[in-house]
Amino acid sequence: MLIRFRFNNFLSFKGDTELSMVAGRAQQHQNHKINFSTPFKLDVLRATAIYGKNASGKSNFVQAISFAKLMITNTHRLRSSIPVRQFRLNTECLGQPSSFQFELLIKNKVYDYGFKVSRDEVIEEWLYEIKRTTETMIFKRRGKIVSLGKVDYTKAFNDNLRPSNELVREKELRLTFVGEDTRPNQLFLTATIERDQPYFKHIFSWFENSLHIIRPDSKYLDREFRIIEGTEDFINDFQDLLKQLDTGIEGIQKEEVDLESEFIKSYPYIDDLNQVVSDIKPGSKVLFPMPDERRFALIKDAQGRITCFKLMTKHKLRGGSKLFDNVNQFDLFEINWESQGTQRLMDLIPYFFLMRDNATTFVIDELARSLHPEISYKLVDTILNNEALRKSQIIFTTHEDYLMDLDLLRRDEIWFAEKNEHGESSIYSLEEFKPRYDKDIRRGYMKGRFGGVPVIDKRGLHNVFSHSLEN
């Protein structure tokens with residue numbers, strides 16, 4: 001679970017920037033926070049909404065978290081540069097490192113993990129365990145030198161055996177060698193996982209499996225396979241959500257398609273379909289996107305047999321102005337025939353099921369993109385008030401002021417992004433303004449009371465268009 005995220009000198013953010021998920025003093029919506037008593041008393045929020053005008057830095061904030069995740073979970077080639085993008089509107093920043101720091105709650109322990117990087121190398125990296133009154137260094141890296149602190153060597157390959165002092169020394173030496181061999185453009189945390197050293201796997205696993213970044217155009221690539229091969233419960237829940245959100249969809253149906261006819265029709269430039277199929281390994285699953293936004297799921301069994309499926313949506317047919325009495329009378333729609341909002345929902349829903357099944361932290365850029373405000377509201381309300389989702393967090397950016405409602409969110413869950421006259425972005429919480437609980441937050445926001453809204457020169461706009469007409 002995320003407690004805090006700090007970073008600086010990245011894209012439009014020049015100075016130190018912090019998003020805190022620690023609960024403030026707000027008393028409403030007590031169920032929106034999770035109370036922890038170990039290792040110390042801590043109340044962590046389950047949601048944050050970040051508002052702001054275009055180009056205020058909302059998406060850049062998401063990109064900062066996304067860059068840090070990719071830096072940790074992806075391996076950089078030996079001589080490749082690190083794709084970090086410093087603040088460019090101040091020449092001093094281009095020669096300075098960018099830093100990224102996470103405070104995480106994992107299995108009732110709080111960790112501080114972070115790193116500083118330039119385009120050429122990792123300059124610093126650290127991992128501490130934060131206790132009630134002290135911090136314990138687990139490892140620290142400066143340049144090429146890795147210093148080991150209190151590493152838990154009981155996390156050996158066999159967790160049931162407590163290693164002897166001799167085995168501890170052997171494992172410490174092996175970990176030291178990993179530090180010496182870590183490439184300048186690679187994180188030590190990543191190198192330990194590459195080399196099968198399990199001691200920091202719980203930290204790495206949080207970034208790889210618990211932190212999910214969803215962009216406005218993100219597609220849930222496993223959707224077809226989860227429906228084609230999924231349990232009846234998953235399929236029923238998926239269909240029920242689409243019905244409850246008033247999409248007009250009555251169900252989802254998989255349909256087997258002829259591989260050759262569909263592919264040749266969609267990909268006329270593929271000369272040798274057999275070559276494409278032969279490149280798929282037996283026992284593999286491959287998703288092929290079509291130019292018209294349809295997606296085909298190919299499954300190749302152990303014997304090399306290929307089956308190809310696509311998903312269709314079911315809509316009730318009408319006879320004249322009335323629905324057919326027979327409830328089984330449906331018309332099947334291609335997925336790309338559905339509205340952009342419905343397609344967006346079909347990609348978001350499987351992610352929300354992950355929140356139910358696992359403790360996850362979702363960072364969603366433009367949650368309300370293509371969605372009706374009422375649907376966005378209901379989704380957030382359901383996530384925050386459903387007991388089955390209590391272990392998960394959602395952080396999202398949005399323009400949708402309909403969600404700026406203290407009946408939906410706490411004051412400390414509402415944040416703003418704003419850019420100053422020097423092009424520097426910052427984020428800050430509504431909690432800093434201390435509005436009364438019954439204050440109309442939306443009206444105050446639209447009037448610019450909290451910042452984060454565009455200042456539009458209406459006369460200037462009028463003059464521009466008038467000038468165009470004159471010419």
Side-chain angles (χ1 to χ4, degrees), residues 212 214-259 261-263 265-266 284-301 306-319 323-358 360 362 364 367-372 374-376 378-380 382-383 386 388-389:
H212 300 271
I214 305 176
R215 301 183 184 280
D217 57 352
S218 290
K219 302 293 185 182
Y220 189 84
L221 297 180
D222 206 30
R223 180 185 66 195
E224 276 74 7
F225 297 112
R226 289 205 68 181
I227 292 175
I228 291 168
E229 303 176 325
T231 64
E232 186 176 344
D233 286 344
F234 175 86
I235 297 170
N236 288 339
D237 289 345
F238 190 94
Q239 295 176 144
D240 285 347
L241 263 179
L242 288 175
K243 283 192 277 189
Q244 291 164 18
L245 293 171
D246 196 25
T247 62
I249 294 174
E250 293 295 321
I252 299 290
Q253 180 171 308
K254 67 177 182 180
E255 183 174 289
E256 187 169 351
V257 299
D258 179 73
L259 178 65
S261 64
E262 289 289 351
F263 266 72
K265 183 167 57 179
S266 300
S284 297
K285 301 179 294 186
V286 178
L287 187 68
F288 276 91
M290 298 292 117
D292 59 5
E293 297 188 358
R294 291 180 302 157
R295 302 190 328 205
F296 289 170
L298 273 66
I299 301 174
K300 194 173 193 177
D301 65 20
I306 289 276
T307 50
C308 181
F309 298 94
K310 64 179 176 180
L311 296 182
M312 306 286 284
T313 56
K314 296 161 65 174
H315 291 258
K316 281 186 177 179
L317 280 171
R318 292 180 176 272
L323 284 170
F324 282 115
D325 293 333
N326 186 347
V327 295
N328 293 320
Q329 293 287 345
F330 294 105
D331 192 11
L332 296 180
F333 281 28
E334 298 276 3
I335 297 294
N336 62 328
W337 295 354
E338 300 291 346
S339 70
Q340 289 296 316
T342 298
Q343 292 185 55
R344 170 79 163 159
L345 277 175
M346 294 179 70
D347 282 312
L348 286 176
I349 287 172
Y351 285 114
F352 294 145
F353 287 161
L354 287 177
M355 299 181 74
R356 177 188 64 184
D357 300 333
N358 305 279
T360 55
F362 277 88
I364 306 178
L367 170 68
R369 177 179 177 265
S370 300
L371 300 181
H372 188 278
E374 188 67 29
I375 289 180
S376 302
K378 289 298 183 185
L379 284 175
V380 175
T382 299
I383 289 169
N386 191 306
L389 307 177

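The analysis underlying the following values was restricted to heavy atoms, covering all of them including side chains, and did not include hydrogens, waters or symmetry mates. This chain uses plain numbering: 1 for the first residue, then up along the sequence.
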Quick note, ring pair (Phe, Tyr, Trp, His ring centres under 6.0 Å) partners involving residues 215-252, not counting sequence neighbours, are Tyr220-Tyr351, Phe234-Phe353
Output for pair (Arg294 CZ, Trp337 CH2), nearest 0.5 Å, gives 9.0 Å
Tell me if a side-chain donor or acceptor on Asn386 pairs with a main-chain N or O of Thr382 at a distance below 3.5 Å. no
>> Under a 3.5 Å distance rule, please check whether Arg223 uses its side chain to pair with a backbone N or O of Ile349 as donor and acceptor.
In response: no
Residues at least two apart in sequence or cross-chain that pass side chain to side chain contact (heavy atoms under 4.5 Å, CB included) with Ser218, listed by chain then number, are Ile214, Arg215
CD1 (Ile375) and CG (Leu245) are apart, to the nearest 0.5 Å, by 5.5 Å
Task: Stepwise salt bridge (Lys or Arg N to Asp or Glu O under 4.0 Å) check, Arg226 with Asp233 - done: CA-CA 11 Å; Arg226 289 205 68 181; Asp233 286 344; over 6 Å; no
Residue set satisfying side-chain hydrogen bond (donor to acceptor under 3.5 Å, both in side chains) with Asp240, at least two apart, ordered chain then number -> none
Under-4.0 Å salt bridge between Lys316 and Asp331:
no
Residue set satisfying side-chain hydrogen bond (donor to acceptor under 3.5 Å, both in side chains) with Gln340, at least two apart, ordered chain then number -> none
Interatomic distance, CZ@Phe296 vs CD@Glu255, rounded to 0.5 Å, equals 9.5 Å
Sorted by chain and residue number, the side chain to side chain contact (heavy atoms under 4.5 Å, CB included) partners of Ser339 (sequence neighbours excluded) come out as Thr342
Problem set entry | Sub-4.5 Å side-chain heavy-atom contact between Glu229 and Ile299 | yes
Ile364 and Phe352 have their tightest heavy-atom pair at CD1-CE2, 4.3 Å
CG (Leu348) and CD (Gln343) are apart, to the nearest 0.5 Å, by 12.0 Å
- Query: CD of Glu232: more than 12 outside heavy atoms within 6.0 angstrom?
  - Reply: no
Sorted by chain and residue number, the salt bridge (charged side-chain N to carboxylate O under 4.0 Å, His left out) partners of Lys310 (sequence neighbours excluded) come out as Glu334
Hits for side-chain hydrogen bond (donor to acceptor under 3.5 Å, both in side chains) against Ser370, two or more places apart or cross-chain, chain-then-number order -> none
Those residues at least two apart in sequence (or on a different chain) that pass salt bridge (charged side-chain N to carboxylate O under 4.0 Å, His left out) with Glu338 are none
Across all chains, not counting sequence neighbours, the side-chain hydrogen bond (donor to acceptor under 3.5 Å, both in side chains) partners of Lys219 are none
Applying salt bridge (charged side-chain N to carboxylate O under 4.0 Å, His left out) to Asp246 and not counting sequence neighbours gives none
Sequence neighbours excluded, the answer for salt bridge (charged side-chain N to carboxylate O under 4.0 Å, His left out) partners of Lys254 is none
**Report entry** Verdict with reasoning, Arg356 to Asp237, per salt bridge (Lys or Arg N to Asp or Glu O under 4.0 Å)
**Finding:** CA-CA 12 Å; Arg356 177 188 64 184; Asp237 289 345; 2.8 Å; yes
By side chain to side chain contact (heavy atoms under 4.5 Å, CB included), Ser376 pairs with (sequence neighbours left out) Ala368, Leu371, Leu403
Notebook entry, point to check: Given Met355 and Ile383, is the side-chain contact (heavy atoms from CB on, under 4.5 Å) satisfied, shown in steps?
Noted result: CA-CA 9 Å; Met355 299 181 74; Ile383 289 169; 3.6 Å; yes
d(Phe330 CZ, Glu250 CD) to nearest 0.5 Å is 5.5 Å
CG of Leu367 to CZ of Arg369, rounded to nearest 0.5 Å, is 12.0 Å
Note: Ile252 and Gln239 closest approach over all heavy atoms is N-OE1, 2.8 Å
